[in-house]
Each structure stands twice: as structure tokens, then as C-alpha cells.
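Owing to the predicted nature of the structure, the values given are computational and were not obtained by experimental measurement. What's counted below: heavy atoms across the whole structure, side chains too, no hydrogens, waters or symmetry copies.
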Amino acid sequence: MTDARVAGVGLTRFGSHADRAGRDLFATAAERAFEDAGVPRGDVEELNYGNFMGALAEHQGHQAPLMAEAAGVSCPATRYESACASAGVAVREAVRTVAAGDADVVLAGGMERMTNLPTDEVTEGLAMAADDLFEVRSGVTFPGAYALMATAYFGAYGGERRDLAHVASKNHANAVPNEYAQYRREVSVDEAMDAPPVAEPLHLYDACPITDGASALVIVSAEYAAEHDVDAPVAVTGTGQGTDRMALADREHLARTPAADAAAEGAYAAAGVGPEDVDVAEVHDCFTIAEVLATESLGLFAVGEGIDAAREGVTTADGDLPVNLSGGLKAKGHPVGATGGSQIAELTRLLRGDHPNSEHVADAEVGVAHNAGGTVASAVVHVLEVAE
């Protein structure tokens, strides 16, 4: 087994790109990743590409070879679909491929274009990540589903809307200096509290926005990096994946995410670290309650205690364990097929020291990324470490 190193990262700005096709967005992210890595396109042996709803949003299936062409690579290309965890799965398979010695250079990432559709059509498209027969046909959408999870959490462990407002406010503050973020403005706790309801107890600032964007990573083996003098100081030392029942009604507990529990356990075991070693985290906060659930599944907080973390300042930029210094999905944005790759890119920048928020984690050596699909029926966790 060999270390899988992140040699280069590339992102587009997240937001609305009404005048750009999806292939153009991914081409930009890939170009930036190659420039960052200093790795020739001709050395890429595989492309792992994440996308969820391109067949609806752009009437374009079979996107992998299209994105290989856009990125300027000539190699086997595969599209990965795992709802909002699509890019996370694509990166996981890239890491596994490199670690197994089956390739020395893999391009991984994803893209989603969503703002070109009306909101109701985006909502309908995203709902395909839920159980169509037993949830979607009954009118369940993801705001409603996560509202059920929040209500169950409050009932089981306590907490209230103001705790979630602190999560929203924290992540908006983190997004302000991030040049790739969709919403670069602060939102106070009171402003979040006063926002209109979406699905009680979730209000407007509890939900992530509709977003376009792309992410790309050049993953290389440690041997390749040494042989070609590639500066790749961050390694993906652990990766794990988990799956849960699709429909909420089929689950034992609405306020727990066992798929993420399993993914975290696998990632920590592979890396040989534990939650106590984590210095910084990027988690899948599609809704504010999702950040709370994620931090508990990652073992960063005991079950029932994650709800207090933002309010108490533990997960803020200046706290003991900063979470979502990128702004998270909440403020950076959530182009669903690209998000998992974006999280790895942001953590890499934070650990390398070239992120606008790196000053808050100047001594960080271990980061963890948590990417989820649907109501966490799918989850992928990666551990990143400073390797040199």
C-alpha cells in the first residue's frame, strides 16, 4: 500500500453560472487543479467524476467521457452517483486506486449545475435521492425530511432553534473571506432566528442554497510525488463509506446517522487515528441540523452534545475544533455532485496553510471530511494528514 497524496486542488466559484455549461465548469476546476499540482495531463491514468442530476439539469447523461474531454485527459473515465455524496465516492475510489498501486495519478472531483432550473424542478430533482415509492410520492422533500430529523433530535436530546441559528451564523462568518463561496456575508443569530420558516423547526438560514460549481483534485502516489518532485504535503490516510436504509420511516432512530458512524469508523481505522486527533473538519451541513448529526457521527462530540458546540464557541473559527471553515454547504454553497471534492480541496488548503482561514488552524495536522447523500442513506468520510 502507498500513501495517496493530494497534489493539486481546483475549484470554481460556487453560485450561479447561468452562462456556463457543466463541462465548462469542470474544465475550469480541472485546469486549476493541474496548475496547482504541476502534474501533466498526460500522466493521468483515470478520471473519477461525481454528478447527481445532470441528466435532468442539462439533459446530459454519460458525462464521464465528456468531462475527460473537457479536462483534457485521455484515460478511462467513470461517473459516480451517490446523491450529494457523489464526489465523495469518486474521491474515495481514487484514493483506493492509488493506495492499491493500480494507478499513480488519478483526477477526481465532480460538478453540478442547478440554477438554470426553476426552484420547484430543482426540488423535484433532489427528491430523487429519497425513497420515491414511500417518501416522494407522499410529498416528502428534503427540507421536510431534515425538519423531522431536527424535531426528533430535540425530542431525544434537547436543543432549540437558536442552537441551529448559531451554526448558520458561524458558517456564514467563515465564508466571508473564501473567494469560492456563494454567500460571503455575515448573518447574525438574530437574523437567522427572524428568517421565514421553510419546514419547522428549520428556517431560511438553516438550509443550504441552490448552487452551480465544480471541484477537481489531482491524487498521486507518494512514489510518483517523490520521483517527479511534486509538492504534495497532504495525504488522504483514511477513507470509509457507510449505507443506511433509504426511507426515514424504516430507520430505528431519526436523530442518528449510522451510515456516517460506519464511514467514520472505517476512515479512522485506516488512518490509525481517532476523533481525539482531529484538528479541523469539513462536514455536510446541507441543513444546520446535519452539521450537528455529522459531528456526533464523527465522534467529535458525544451523542446529544453536538447541538451545543456552535453556541458555546467550540466549532467557531477561533474555537478548539473549527468546523466548516470554508463556510460549509450552508454558505459556501452546495452543487451536489461537486461538494465531496470541494470539502477535500478546502481541507487541503487549510492544512497547507494557503486557505484564507488557515490562520485559525495554523498548527493543524489532521483534518476530517464528511460527505452525505440524501438523509445520510450514504456517507463517505476521509481523513487528511500533513505528511511532510
Side-chain angles (χ1 to χ4, degrees), residues 8-36 41 47-73 77 79-81 83-84 86-87 90 107-129 142 171-172 175-185 204 207-218 286 326-346 349 356:
V9 303
L11 297 167
T12 65
R13 180 185 60 80
F14 283 10
S16 176
H17 293 279
D19 59 340
R20 301 181 69 184
R23 68 191 76 183
D24 182 34
L25 292 171
F26 189 70
T28 296
E31 180 179 6
R32 290 173 177 170
F34 284 122
E35 289 177 354
D36 188 39
R41 286 174 168 80
L47 167 62
N48 292 2
Y49 168 76
N51 181 265
F52 174 52
M53 53 184 289
L56 290 176
E58 295 194 288
H59 199 65
Q60 181 65 63
H62 200 197
Q63 288 196 13
L66 189 68
M67 297 307 166
E69 180 181 355
V73 297
R79 173 195 170 216
Y80 290 82
E81 187 277 299
C84 306
S86 295
L107 178 65
M111 183 282 302
E112 209 72 65
R113 187 163 174 246
M114 304 164 69
T115 66
N116 56 309
L117 295 177
T119 300
D120 60 338
E121 292 185 27
V122 175
T123 302
E124 182 179 357
L126 292 173
M128 291 194 307
F142 280 110
N171 291 349
H172 272 275
V176 171
N178 188 351
E179 68 271 32
Y180 297 111
Q182 184 168 1
Y183 291 123
R184 300 178 64 185
R185 76 173 186 87
L204 180 64
C208 68
I210 294 169
T211 315
D212 306 329
S215 62
L217 311 168
V218 178
C286 50
S326 67
L329 286 60
K330 174 75 239 1
K332 184 187 174 185
H334 183 29
V336 294
T339 289
S342 170
Q343 292 175 319
I344 304 297
E346 296 284 16
R349 297 168 68 211

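Using a 4.5 Å heavy-atom cutoff, the side chains of M67 and L47 are in contact. Put simply, the side chain of R41 reaches to within 4.5 Å of the side chain of E31, judged on heavy atoms. Under the 4.5 Å side-chain criterion, counting only non-hydrogen atoms from C-beta, T28 is in contact with R32. You'll find the side chain of Y49 stays beyond 4.5 Å of the side chain of Y80, heavy atoms only. At least one side-chain heavy atom of V218 sits less than 4.5 Å from a side-chain heavy atom of L107. Side-chain contact check for T115 versus H17: every heavy-atom pair is 4.5 Å or farther apart.
Among residues two or more places apart in sequence or in another chain, the side-chain hydrogen bond (donor to acceptor under 3.5 Å, both in side chains) test is passed with Q343 by none. Legend: residues meeting side-chain contact (heavy atoms from CB on, under 4.5 Å) with A55, ordered by chain and number and at least two apart, are absent. Contacts of F52 classified as ring-ring contact (aromatic ring centres under 6.0 Å, His included), with partners at least two apart in sequence or in another chain: none. Scanning for side-chain hydrogen bond (donor to acceptor under 3.5 Å, both in side chains) contacts around S342 gives K332, with sequence neighbours left out. Shown here are the side-chain contact (heavy atoms from CB on, under 4.5 Å) partners of P177, two or more places apart in sequence or in another chain: P356, N357. By the side-chain contact (heavy atoms from CB on, under 4.5 Å) test, A338 pairs with S215, P335, sequence neighbours left out. Not a single ring-ring contact (aromatic ring centres under 6.0 Å, His included) links F14 to another residue, sequence neighbours left out. For E81, there are no salt bridge (Lys or Arg N to Asp or Glu O under 4.0 Å) partners two or more places apart in sequence or in a different chain. Under the side-chain hydrogen bond (donor to acceptor under 3.5 Å, both in side chains) criterion, T12 pairs with no residue at all, not counting sequence neighbours.
Here salt bridge (charged side-chain N to carboxylate O under 4.0 Å, His left out) pairs that include residues 14-28, with residues two or more places apart or in two chains, are R20-D24. Evaluation of the salt bridge (charged side-chain N to carboxylate O under 4.0 Å, His left out) test over residues 51-62, restricted to residues two or more places apart or in two chains, returns E58-R113.
Across all non-hydrogen atoms, the minimal contact from P209 to K330 is CD-O, 3.5 Å. Taking both residues in full, the closest heavy atoms of A87 and G109 are given as CB-O, 3.9 Å, listed atom of the first, atom of the second, then distance. Heavy atoms only, all atoms of each residue included: L25 and A214 are closest at O-CB, 3.5 Å.
In this structure, N48 contributes its side chain and A108 its backbone to no donor-acceptor pair below 3.5 Å. Of the possible polar contacts, one joining the R79 side chain to the N51 backbone as a donor-acceptor pair under 3.5 Å is found. At distances below 3.5 Å, not a single donor-acceptor pair connects side-chain atoms of S86 with backbone N or O atoms of G50. The main-chain N or O of A57 is found under 3.5 Å from a side-chain atom of N116 such that the two form a donor-acceptor pair.
Under the 3.5 Å distance criterion, with hydrogens and angles disregarded, no donor-acceptor pair is assigned to the side chains of T211 and H334.
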Inset, instruction - Dump the intermediate steps for salt bridge (Lys or Arg N to Asp or Glu O under 4.0 Å) on R349 and E179, then the final yes or no. - result: CA-CA 13 Å; R349 297 168 68 211; E179 68 271 32; 3.1 Å; yes
Inset, instruction - Could you walk me through whether L117 and M53 pass the side chain to side chain contact (heavy atoms under 4.5 Å, CB included) test, one step at a time? - result: CA-CA 11 Å; L117 295 177; M53 53 184 289; 4.0 Å; yes
Legend entry - Worked verdict on F34 versus V73 for side chain to side chain contact (heavy atoms under 4.5 Å, CB included): CA-CA 11 Å; F34 284 122; V73 297; 3.8 Å; yes
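Atoms SG and CD, on C84 and E112 in that order, are 8.5 Å from each other to the nearest 0.5 Å. Rounded to the nearest 0.5 angstrom, Q182 CD and L329 CG are separated by 10.5 Å. The CG atom of L11 sits 6.0 Å away from atom CD of E346, with the distance rounded to the nearest 0.5 Å.
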Only pairs under 3.5 Å count here: list side-chain donor-acceptor contacts from residues 121-129, not counting sequence neighbours, and write none if there are none.
unit_1	atom_1	unit_2	atom_2	d
T123	OG1	T119	O	2.9

